[in-house]
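Indexing begins at 1, ligand by ligand and atom by atom, following the structure's order.
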Amino acid sequence: MPHRFYLPELSETGIATLEGLEAHHLIHVLRAKAGEAVELFNGSGLVATAEIMVVRKRDAELRILDARRDPAPSRQVILGTAVPKGDRFDWLIEKATELGVARLIPLVTSRSIVDPRDSKLDKLRQTVIAACKQSGRNHLMEVSPVTAWSDFCQREFPNHSSFIAHPHPGASTISVSLVVDHSRIVFAVGPEGGFTDDEVALAVKCGATPISLGPHILRIETAGLALAACAAAM
Ligand code: SAM
């Protein structure tokens, strides 16, 4: 795979200019030279092969050679998740992007401990871009604003295949037979202290099915990625 660069204002023909972090990556990290070919993507499905024309200190000009549109995946996986501590959230964002999650929604629940500020979310969006560059994904994973549990349940669960991960007796084991609507699958993962009974009841009322991921208690990010991997394999 050629080196890839994110350019939201990419067009199908003409000259493209890389600036900022992407130019830094091309010029100072990869030390790319005029004449080399790279791939550009706009994060919404447009991908182009481009030849480097001019490399300057802070920007580079590239000529678009050909472009194509990569259609959006037919399945949307939405992962609402409590936020794990420290670097573990960054790790979750990177791996969820690789596994094809369409939208990740950081949740605030009664027992949540971590509530990332908007500036932190901006940094996480850079992690999404880096994971798309590395994995060949052409549609960015959306990182939604932090959302309260009741809003998430009411907005996301109704009318779709919706699941709340809940390691308690009575939860069904996750399986493809539980998925009715394959075009959109919604998962929710709770905080280290788990969901409260009222939170589980609200989820069920809004249409979610409680599911188990086996007999062991998984960390937040392990549970989220296990669900994303199940959906990717269905
Ligand atoms: N003591 C908490 C409880 O009993 O719910 C454990 C919380 S666990 C560290 C964090 C979240 O990961 C849970 O709220 C749940 O959403 C998910 N989770 C972890 N292990 C799971 C399992 N075996 N089955 C289903 N969900 C699981």
Side-chain angles (χ1 to χ4, degrees), residues 75-116 120-121 124 127 131 141-182 184-234:
R75 171 179 299 158
Q76 267 212 318
V77 176
I78 297 177
L79 176 62
T81 177
V83 176
K85 285 185 194 157
D87 288 352
R88 293 196 279 129
F89 193 33
D90 207 49
W91 193 82
L92 169 59
I93 295 275
E94 179 182 289
K95 304 304 171 202
T97 305
E98 290 172 28
L99 284 166
V101 171
R103 188 149 58 93
L104 185 142
I105 308 175
L107 296 176
V108 176
T109 66
S110 327
R111 296 182 184 145
S112 288
I113 299 169
V114 185
D115 180 358
K120 173 75 175 156
L121 289 180
L124 293 172
T127 301
M141 181 177 80
E142 186 185 333
V143 180
S144 297
V146 176
T147 301
W149 177 245
S150 58
D151 292 339
F152 175 82
C153 289
Q154 285 156 29
R155 268 187 228 149
E156 306 296 340
F157 281 151
N159 308 320
H160 299 290
S161 288
S162 300
F163 304 97
I164 172 172
H166 193 47
H168 287 261
S172 318
T173 303
I174 177 79
S175 96
V176 70
S177 62
L178 294 174
V179 177
V180 179
D181 175 6
H182 279 263
R184 191 174 145 110
I185 305 176
V186 182
F187 294 119
V189 172
E192 292 303 334
F195 288 113
T196 64
D197 291 346
D198 284 352
E199 286 168 341
V200 177
L202 177 62
V204 170
K205 190 172 156 210
C206 291
T209 303
I211 46 165
S212 160
L213 288 162
H216 304 136
I217 297 298
L218 310 178
R219 286 187 168 216
I220 299 168
E221 68 278 15
T222 318
L225 293 176
L227 292 165
C230 283
M234 281 176 185

Do Ala165 and ligand 1 have an N or O pair less than 3.5 Å apart?
-> yes
Backbone of Ile105 reached by a side-chain donor or acceptor of Ser144 within 3.5 Å | no
Ligand-side contact atoms (ligand 1) for residue partner Leu218, heavy atom cut-off under 4.0 Å = 8 (S), 9 (C), 10 (C), 12 (O), 19 (C), 20 (N)
For ligand 1, which atoms sit closer than 4.0 Å to a heavy atom of Ala223?
-> 12 (O), 17 (C), 18 (N)
Name the closest protein heavy atom to atom 11 (C) of ligand 1, giving the residue it belongs to and the distance to 0.1 Å.
-> Gly190 O, 3.3 Å
Looking only at protein heavy atoms, what sits closest to atom 24 (N) of ligand 1 is Leu213 N, 2.8 Å
Just how far is it from atom OG1 of Thr127 to atom NZ of Lys95, taken to the nearest 0.5 Å?
-> 11.0 Å
Correct closest heavy-atom pair for Ala82 and Ile220 would be O-CG2, 3.2 Å
Counting from 1, what ligand 1 atoms have a heavy atom of His216 closer than 4.0 Å?
-> 20 (N), 22 (C), 23 (N)
What are the atoms of ligand 1, with element, lying closer than 4.0 Å to any heavy atom of Ile211?
-> 25 (C)
Given side chain to side chain contact (heavy atoms under 4.5 Å, CB included), test Asn159 with Arg184 step by step and report yes or no.
-> CA-CA 9 Å; Asn159 308 320; Arg184 191 174 145 110; over 6 Å; no
protein heavy-atom neighbour closest to atom 1 (N) of ligand 1 works out as Glu192 O, 3.9 Å
Considering non-hydrogen atoms only, spot the tightest contact between Glu221 and Pro84 and give its length.
-> OE1-CB, 3.7 Å
Nearest-contact summary for atom 10 (C) of ligand 1 - protein heavy atom, Å | Pro191 O, 3.2 Å
For the atom pair OG1 (Thr97) and CG (Leu92), what is the distance rounded to the nearest 0.5 Å?
-> 8.5 Å
Protein heavy-atom partner closest to atom 4 (O) of ligand 1 - residue, atom, separation in Å | His168 NE2, 3.1 Å
Can Gly224 be said to touch ligand 1, with heavy atoms closer than 4.0 Å?
-> no
Any idea which atoms of ligand 1 are less than 4.0 Å away from a heavy-atom of Phe195?
-> 16 (O)
Could you tell me the residue and atom name of the protein heavy atom closest to atom 21 (C) of ligand 1, and the distance to it rounded to 0.1 Å?
-> Pro167 CB, 3.6 Å
Is a side-chain donor or acceptor of Glu199 paired with a backbone partner of Ser110 at a separation under 3.5 angstrom?
-> yes
Is a side-chain donor or acceptor of Arg88 paired with a backbone partner of Arg219 at a separation under 3.5 angstrom?
-> no
Are any of the side-chain heavy atoms of Pro210 and Val204 separated by less than 4.5 Å?
-> yes
Check each atom of ligand 1 against the heavy atoms of Gly194 and keep those under 4.0 Å away; list them by number with element.
-> 2 (C), 3 (C), 5 (O), 7 (C), 14 (O)
Could you check whether the rings of Trp149 and Phe195 sit parallel, tilted or perpendicular, using 30° and 60° as the cut-offs?
-> tilted
Say whether Thr222 and ligand 1 are in contact under the criterion: heavy-atom distance to a ligand atom below 4.0 Å.
-> no
